[in-house]
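All chains are named by letter (A, B, ...) in the order of the sequence lines, taking the proteins before the strands, and each is independently numbered beginning at 1. Side chains are part of it too, since the values below use all heavy atoms of this structure and drop only hydrogens, waters and symmetry mates.
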Number of protein chains: 4
Amino acid sequence: MTKKEKITQTALQLIVNQGIQETPMSQISKVSGVAMGTIYHHFKSKNEIINQIYLDVKKEFGASIMKDVDKKMEYKARFYQIWKNIFNFFYQHELMFRFSQHFGHLPIITETTRQEGLVFYEPVIDFLAEGIQLKILKNIDLQLMTETIYGNVVALTQLAHSKTLKITNTLLEQAIAISWDGVHNSKNLEQ
Amino acid sequence: MTKKEKITQTALQLIVNQGIQETPMSQISKVSGVAMGTIYHHFKSKNEIINQIYLDVKKEFGASIMKDVDKKMEYKARFYQIWKNIFNFFYQHELMFRFSQHFGHLPIITETTRQEGLVFYEPVIDFLAEGIQLKILKNIDLQLMTETIYGNVVALTQLAHSKTLKITNTLLEQAIAISWDGVHNSKNLEQ
Amino acid sequence: MTKKEKITQTALQLIVNQGIQETPMSQISKVSGVAMGTIYHHFKSKNEIINQIYLDVKKEFGASIMKDVDKKMEYKARFYQIWKNIFNFFYQHELMFRFSQHFGHLPIITETTRQEGLVFYEPVIDFLAEGIQLKILKNIDLQLMTETIYGNVVALTQLAHSKTLKITNTLLEQAIAISWDGVHNSKNLEQ
Amino acid sequence: MTKKEKITQTALQLIVNQGIQETPMSQISKVSGVAMGTIYHHFKSKNEIINQIYLDVKKEFGASIMKDVDKKMEYKARFYQIWKNIFNFFYQHELMFRFSQHFGHLPIITETTRQEGLVFYEPVIDFLAEGIQLKILKNIDLQLMTETIYGNVVALTQLAHSKTLKITNTLLEQAIAISWDGVHNSKNLEQ
DNA sequence: TATGAATGAGTCTTCATTCAT
DNA sequence: CATGAATGAAGACTCATTCAT
């Protein structure tokens with residue numbers, strides 16, 4: 001692991017558990033074992049570390065979305081698979097998930113960074129747009145649909161992390177069904 | 001308006017727009033027109049102000065939920081009305097909504113405060129539990145259902161506030177329909 | 001007990017146990033049951049309270065010094081009695097003793113107050129001066145003798161208060177004997 | 001002189017002359033020429049500085065006690081030499097002396113620090129214990145004897161510093177004689 | 001590249017004192 | 001005489017960032 005990675009990993013962990021303001025650079029230095037000066041050799045500022053983490057998270061997220069999704073699969077099956085991929089990523093990367101939830105909206109994240117991060121969501125957005133166009137999904141504003149489904153995954157993830165809910169296959173299917181029933185076009189006889 | 005209210009209102013506004021750490025007590029003092037010492041006469045600490053705001057928000061939220069909801073109404077109509085109530089509250093009280101979203105999860109909010117705040121959600125939870133029991137809603141874990149629907153309202157609210165979406169009656173109905181279609185029990189012939 | 005006495009008594013107790021800076025006026029107000037404004041009605045400032053306590057202590061001290069001391073008694077007997085009087089006063093008035101020891105030297109005590117307090121020591125000083133003149137005591141600088149003996153009493157008092165030493169008559173006699181042997185004129189055959 | 005020494009020396013001087021509460025860290029910083037942050041780099045808190053000074057003082061004190069004291073010297077000669085050593089140390093290190101007198105008893109000094117400081121007194125205590133055992137000194141509680149003699153030195157020192165007394169060899173001898181006459185065992189014929 | 005001591009502006013909080021009632 | 005809410009200046013301490021090595 002490079003020093004740069006040591007820094008971002010340590011920062012991610014500390015920031016998620018303590019908050020940004022409660023995580024001084026000196027602590028990142030001590031816990032990561034990288035000297036203050038060295039941190040500033042690799043990053044211009046504390047904000048830059050946070051922006052870097054933001055991008056790392058989005059990137060890894062983007063890399064997971066389309067796993068095991070094949071164009072040849074039925075639309076609904078792909079919907080389910082993508083939903084599961086996102087959930088699994090969130091579930092298995094708790095630190096990254098919590099980072100996104102709690103710090104992703106802060107003005108610390110620059111508009112540039114935010115723009116760079118958006119690209120990783122494109123496959124999902126395209127997929128949903130396709131569903132609307134094929135009239136498999138309801139003809140609803142694309143943003144609303146995206147955010148709603150995303151929110152559904154987030155809801156399950158939070159319950160999973162809080163351990164108030166044991167994640168079973170049944171439960172997972174039920175959760176996805178809420179999304180599917182919510183957005184798919186029941187008037188389309190083909191479905 | 002009492003001094004105490006002046007303090008919390010000013011703090012709410014500043015904190016939502018700038019963040020907690022970016023809002024020094026001196027600024028709250030200056031903007032509210034209440035002297036530093038007086039603030040500390042009414043609140044033990046900055047944290048206590050934030051906890052007070054948290055409770056104020058939850059309380060006002062709780063007071064809005066059941067507006068125009070009558071036991072004699074059909075279940076679905078009540079579902080729609082409650083959904084609208086929550087959305088309207090969020091939409092009209094942008095500061096409070098953003099406060100909840102961005103700061104509600106922080107450890108600054110004490111467990112005691114959090115517990116006190118929970119009570120205001122009870123009517124909704126009871127309403128959903130009733131729906132499940134009557135088999136009008138799917139037989140799904142109550143928490144998952146609650147969080148999911150809550151997330152749906154949040155999704156629309158955020159788009160509304162960001163002005164990327166113009167809120168029309170049609171859109172609102174569509175958004176609620178996503179929730180309803182997602183959770184209601186289509187196998188129940190009575191429905 | 002008048003309000004004024006309530007204030008000084010409470011202040012004495014709190015200040016001795018916590019220190020001056022660690023005893024806010026608000027606490028004196030709360031513990032004494034006298035409102036802030038009322039305190040400032042009776043005393044111009046916090047310093048004035050402390051100066052008042054200083055004088056009260058010295059006054060009570062002065063009133064105890066010569067108890068049971070009779071001009072007709074032998075010099076040595078009077079020496080022993082005065083020593084005991086001072087010790088007893090210190091021993092029985094621990095708060096006052098500690099106040100004098102710990103705060104009596106501070107610049108908070110004005111020079112005026114200090115001068116006013118000096119008068120209460122005069123009987124002892126006169127008594128020692130008389131002993132020197134009569135050649136019963138060594139011909140030593142009067143101040144040195146006074147301070148030395150005073151220090152001897154203080155030493156025993158502190159051990160007594162700290163409970164590391166149980167005060168018996170024997171011990172007390174031994175302690176006084178140190179003083180007496182230290183300052184009396186052994187070359188004076190009359191003795 | 002290291003930065004750490006600059007800090008404690010400046011603090012010692014300011015605190016003795018102004019008091020602890022009257023000496024803000026900002027002043028220590030300005031007068032010592034060491035930045036605020038640097039002070040806190042070397043010391044955890046203002047209290048830690050004070051505890052450090054306490055130990056420094058005790059240490060230097062301990063190093064002076066036994067100067068020019070030789071086991072082969074007569075007991076009385078050693079008694080006089082040690083008394084002089086302590087006095088000289090107090091006299092020449094007025095700041096340290098006044099620090100000990102005025103702040104040494106405060107609860108700011110931790111029990112740990114106090115314990116650490118005790119060790120430097122051991123040589124004197126051992127010396128006095130030896131005198132008692134040899135029946136050269138009166139058979140009196142060791143603590144009482146120690147504190148009494150210590151108080152005698154303090155008395156002279158204070159007069160010396162206050163300049164109300166000019167310190168001559170005669171005076172010094174007289175002062176020590178008070179102690180010696182006070183504690184030595186006149187019934188021991190060997191003496 | 002790497003180090004970590006040094007910097008000082010900025011923060012929360014305290015508290016003696018005042019004043020309207 | 002009595003009250004206690006209100007005031008704001010001042011203090012201890014933090015921490016992102018720099019720089020000499």
Side-chain angles (χ1 to χ4, degrees), chain A residues 2-4 6-7 20-30 32-50 108, chain B residues 2-4 6-7 20-30 32-49, chain C residues 2-4 6-7 20-30 32-50, chain D residues 2-4 6-7 20-30 32-50:
Chain A
T2 70
K3 298 238 168 197
K4 225 179 154 173
K6 267 188 203 163
I7 296 164
I20 290 179
Q21 310 299 334
E22 292 72 22
T23 302
M25 293 295 272
S26 57
Q27 194 187 17
I28 296 176
S29 165
K30 191 174 294 180
S32 68
V34 178
M36 292 287 305
T38 309
I39 294 180
Y40 278 88
H41 180 78
H42 290 289
F43 297 93
K44 218 171 58 204
S45 67
K46 190 178 182 182
N47 280 7
E48 198 174 285
I49 297 179
I50 293 164
I108 295 180
Chain B
T2 71
K3 298 238 167 199
K4 233 182 149 170
K6 267 188 205 164
I7 296 164
I20 291 179
Q21 311 298 334
E22 292 72 22
T23 303
M25 292 296 274
S26 56
Q27 194 187 17
I28 297 177
S29 166
K30 191 173 294 180
S32 67
V34 177
M36 290 287 305
T38 308
I39 295 180
Y40 278 90
H41 184 79
H42 291 288
F43 298 93
K44 223 171 51 206
S45 65
K46 191 178 181 183
N47 280 8
E48 201 174 283
I49 298 179
Chain C
T2 69
K3 297 238 168 199
K4 225 179 154 174
K6 265 189 202 163
I7 295 164
I20 291 180
Q21 310 299 333
E22 292 70 24
T23 302
M25 292 295 273
S26 57
Q27 194 188 17
I28 296 177
S29 164
K30 191 174 294 180
S32 67
V34 178
M36 293 286 305
T38 309
I39 294 180
Y40 277 88
H41 180 78
H42 291 288
F43 297 94
K44 218 171 58 203
S45 67
K46 191 180 181 182
N47 280 6
E48 199 173 284
I49 298 179
I50 292 164
Chain D
T2 69
K3 298 237 168 202
K4 230 180 152 172
K6 267 189 204 164
I7 296 164
I20 292 179
Q21 310 299 333
E22 292 71 23
T23 303
M25 293 296 275
S26 56
Q27 193 187 19
I28 297 177
S29 165
K30 191 173 293 180
S32 67
V34 177
M36 289 286 306
T38 309
I39 295 180
Y40 279 91
H41 184 79
H42 290 289
F43 298 94
K44 223 171 52 205
S45 65
K46 192 179 181 181
N47 280 8
E48 201 175 282
I49 297 179
I50 293 164

Is the phosphate of [N], meaning OP1 or OP2, less than 4.0 Å from a side-chain N or O of [X]?
{"X": "B:Y40", "N": "E:dT14", "answer": "no"}
{"X": "B:K3", "N": "F:dT7", "answer": "yes"}
{"X": "C:H41", "N": "F:dC1", "answer": "no"}
{"X": "B:T38", "N": "F:dA5", "answer": "no"}

Could you pick out which residue, A:E22 or A:G37, lies toward the 5' side of DNA chain F when each is mapped onto its nearest nucleotide?
A:E22
Where each residue is assigned the nucleotide of DNA chain F containing its nearest heavy atom, which of C:I39 and A:T23 is assigned the position nearer the 5′ end?
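Result: C:I39.
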Test your reading of the model: is there a side-chain donor-acceptor pair from B:T38 to the backbone of B:H41, 3.5 Å cut-off?
no
Distance, rounded to the nearest Å, where [X] contributes [atom1] and [N] contributes [atom2]:
{"X": "B:H42", "N": "F:dA5", "atom1": "NE2", "atom2": "C1'", "answer": "7 Å"}
{"X": "A:Q21", "N": "F:dC13", "atom1": "CD", "atom2": "P", "answer": "21 Å"}
{"X": "D:K30", "N": "E:dA6", "atom1": "NZ", "atom2": "C1'", "answer": "19 Å"}
{"X": "D:K44", "N": "F:dC13", "atom1": "NZ", "atom2": "P", "answer": "11 Å"}
{"X": "B:I20", "N": "E:dC12", "atom1": "CD1", "atom2": "P", "answer": "11 Å"}
{"X": "C:K4", "N": "F:dC1", "atom1": "NZ", "atom2": "P", "answer": "10 Å"}
{"X": "B:M36", "N": "F:dG11", "atom1": "CE", "atom2": "P", "answer": "15 Å"}
{"X": "D:Q27", "N": "E:dG8", "atom1": "CD", "atom2": "P", "answer": "17 Å"}

With heavy atoms under 4.0 Å as the rule, sort C:S45 into base, sugar-phosphate or nothing.
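Here C:S45 touches the backbone only, sparing every base.
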Closest to side chain of B:P24, choosing from F:dC13, E:dC12, E:dT17:
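So the side chain of B:P24 is nearest to E:dC12.
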Verdict with supporting geometry, A:I20 and B:Q21, side chain to side chain contact (heavy atoms under 4.5 Å, CB included)
CA-CA 10 Å; A:I20 290 179; B:Q21 311 298 334; over 6 Å; no
On DNA chain E, compare the nucleotides closest to A:A35 and C:M25; which residue's is nearer the 5' end?
A:A35
So how far is it from C:K3 NZ to C:I7 CD1, rounded to the nearest 0.5 Å?
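It is 8.0 Å, given to the nearest 0.5 Å.
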Roughly how far, to the nearest 0.5 Å, is NZ of C:K30 from CD1 of C:I28?
13.0 Å
Under the side chain to side chain contact (heavy atoms under 4.5 Å, CB included) rule, what do A:T2 and A:H42 come out as? Steps first, then yes or no, please.
CA-CA 11 Å; A:T2 70; A:H42 290 289; over 6 Å; no
Searching all strands shown, indicate the nucleotide that pairs with F:dT21 (Watson-Crick or G-U wobble; both distances under 3.5 Å).
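Because both required distances fall under 3.5 Å, F:dT21 counts as paired with E:dA2.
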